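Remember, predicted model here, so these are calculated numbers, not experimental data.
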Amino acid sequence: MTLTQLRYLIAIADSGLNITVAAERVHATQPGLSKQLKQLEEELGFQLFNRKGKSLDAITHAGGKVLERARTILAEVGNIQSVAANLRNEARGTLRIATTHTQARFALPGAIAALNRQYPEVSVHLQPAADAELMDLLAGGGVDMAVVSTAGAPPAGVIALPAYRWQRRVVVPKDHPLATLDRAPTLEELATHPLVSYDSSLKPESSLRRAFESRGLTPQIAMTAADADLIKTYVRAGLGIGVLAEMALLPSDISDLRILSADALFAPCTTWVALRRDGVPREFALAFIADFAPQLDRKALARHLSAGEAVEWPTAPTWRERAVRVAGKPVTAKA
């Protein structure tokens with residue numbers, strides 16, 4: 001049994017049992033990957049996958065057990081490599097971040113640019129995903145960290161570091177009836193119009209849905225998208241009222257859109273940097289976190305990650321406070 005065989009096994013499972021896609025991900029040939037899988041199954045004495053003809057159909061029960069252990073083994077191999085690289089003060093490598101379009105488009109560029117200036121030999125790979133998929137990518141070892149938002153408790157089962165807090169905004173074309181309001185709209189007013197929002201709005205646990213349901217209302221969701229720019233595009237096209245994160249709004253948007261406050265309508269959200277509890281982050285990953293969430297003390301963060309030292313993190317700044325900080329005017333977050 002080799003680490004290469006275990007790596008191929010995980011690649012197959014994470015590629016939807018598609019051998020061709022798995023081979024591309026691990027930079028192997030399809031025949032070579034199939035040969036290694038066959039050798040692993042022969043050594044173990046049972047099949048890891050059920051077959052339909054020449055295609056893999058499902059992971060067997062025994063295969064699932066092996067896959068679980070394979071992930072643990074390769075995660076520990078990665079940790080050893082990270083420890084060694086940190087001890088060598090190695091300043092090159094890859095940082096893999098799973099996140100949503102809104103975070104990647106509006107919140108991450110500054111921190112990634114700062115990382116590039118400090119560690120020019122580190123490449124950053126963003127893995128776009130829906131909110132519900134981010135934790136699976138992190139747990140499966142496909143990424144080093146996830147940048148994820150919640151409207152309540154921090155994500156479970158991980159080390160969750162608070163980055164910033166944010167609110168939603170309601171966006172309408174300037175000729176829309178609600179554009180004349182000199183106040184925030186009510187949920188009752190919003191419920192009478194079609195809405196355009198994020199894909200997560202379709203889920204029963206959506207905080208947007210819960211807000212309406214708490215008032216006995218049902219939102220008319222006309223369209224959803226993962227891309228905040230698409231939401232604004234279709235608001236401009238007249239498909240409905242936009243409900244989106246405040247980070248996604250740019251100064252240029254006010255030229256043809258009216259932006260209305262929704263602070264009192266929906267629960268505030270917090271954006272977290274999530275790390276695996278069993279992971280050993282590289283020094284450049286800590287540098288990225290320190291820039292993305294500068295209210296977190298880097299030395300305390302390092303002690304927390306290496307020794308499990310309990311830390312009471314300061315209250316995360318709001319998006320607006322963070323914007324002032326990034327502009328060069330520090331904002332003190334209260335503990």
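Contact annotation: the side chain of T2 never approaches that of Q39 to less than 4.5 Å [non-hydrogen atoms, C-beta and beyond]. Two residues are said to be in side-chain contact when any heavy atoms from C-beta on lie closer than 4.5 Å; T99 and V143 fail this criterion. The shortest distance between side-chain heavy atoms of R165 and P268 does not fall below 4.5 Å. Within the 4.5 Å cutoff, the side chain of V273 has no heavy atoms near those of the L296 side chain. Contact annotation: the side chain of V235 never approaches that of L244 to less than 4.5 Å [non-hydrogen atoms, C-beta and beyond]. Residues P281 and D144 fail the side-chain proximity criterion, which asks for heavy atoms closer than 4.5 Å. In this structure the side chain of D256 never reaches within 4.5 angstrom of the side chain of P173, judged on heavy atoms. Between H304 and W313, some side-chain heavy-atom pair lies under the 4.5 Å cut-off.
Between T224 and I221, the shortest heavy-atom distance links the atoms CG2-CG2, 3.5 Å. A104 approaches P109 most closely through the heavy-atom pair O-CD, 3.5 Å. In terms of heavy-atom proximity, P155 sits nearest to T150 at CD-CG2, 4.0 Å. Summarising the geometry of P154 relative to A160, their closest heavy-atom pair is CB-CB, 3.8 Å, with the distance given to 0.1 Å. In terms of heavy atoms, T60 sits closest to Q47 at OG1-O, 2.9 Å. The minimum heavy-atom distance between D14 and R71, with the atom names listed, is OD1-NH2, 2.6 Å.
For the pair R303 (side chain) and V311 (backbone), a donor-acceptor distance under 3.5 Å is absent. Of the possible donor and acceptor atoms, none in the side chain of N50 sits under 3.5 Å from a partner among the backbone N and O of D57. Put simply, the side chain of S34 gets close to the backbone of Q30: a donor and an acceptor are under 3.5 Å apart. Looking at K232, its side chain does come within 3.5 Å of a backbone N or O of A248 through a donor-acceptor pair.
Under the 3.5 Å distance criterion, with hydrogens and angles disregarded, no donor-acceptor pair is assigned to the side chains of E24 and S15. S207 and R168 form a side-chain donor-acceptor contact under 3.5 Å, judged by distance and modelled atom types alone. A donor-acceptor contact under 3.5 angstrom links the side chains of Y198 and T102, judged on distance only. Looking at Q103 and T271, their side chains do bring a donor and an acceptor atom within 3.5 Å of each other.
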Which pairs would a plain distance check flag for residues 113-141, meaning a side-chain donor or acceptor within less than 3.5 Å of a matching protein atom at least two apart in sequence or in another chain?
unit_1: S123; atom_1: OG; unit_2: T94; atom_2: OG1; d: 3.3
unit_1: E133; atom_1: OE1; unit_2: A130; atom_2: N; d: 3.3

Residues Q295, T315; criterion side chain to side chain contact (heavy atoms under 4.5 Å, CB included); working and verdict:
CA-CA 8 Å; Q295 77 278 4; T315 300; over 6 Å; no
Is there a side chain to side chain contact (heavy atoms under 4.5 Å, CB included) between L286 and L305? Walk through the geometry before answering.
CA-CA 10 Å; L286 299 183; L305 295 177; 3.4 Å; yes
Go through L181 and E189 one step at a time and tell me if the side chain to side chain contact (heavy atoms under 4.5 Å, CB included) criterion holds.
CA-CA 11 Å; L181 292 177; E189 287 170 329; 4.0 Å; yes
E205/K203 under salt bridge (Lys or Arg N to Asp or Glu O under 4.0 Å): CA gap, chis, key distance, verdict
CA-CA 5 Å; E205 66 273 17; K203 298 184 179 297; 5.0 Å; no
Can you check side chain to side chain contact (heavy atoms under 4.5 Å, CB included) on Q167 and R320, steps first, answer last?
CA-CA 10 Å; Q167 301 278 359; R320 282 158 283 184; 4.2 Å; yes
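Figure legend: cation-pi geometry between R282 and F288 absent, as NZ or CZ is not positioned both under 6.0 Å from the six-membered ring centre and within 45° of its axis.
Note on ring orientation: taking the six-membered ring where Trp is involved, the planes of F106 and H101 are perpendicular (angle over 60°, cut-offs 30° and 60°).
Considering L195, L187, I241, V243 in turn, L195 is the only one that fulfils the side-chain contact (heavy atoms from CB on, under 4.5 Å) rule with P219.
Qualifying salt bridge (charged side-chain N to carboxylate O under 4.0 Å, His left out) partners for R169, counting only residues two or more places apart in sequence or in other chains: E246, D263.
In the hydrophobic clustering, M1 connects to L3, L6, Y8, L9, I10, I12, L17, I19, V26, L33, L37, L40, L44, F46, L48, F49, L56, I59, V66, L67, I73, L74, V77, either directly or through intervening members, whenever side-chain heavy atoms lie under 4.5 Å apart.
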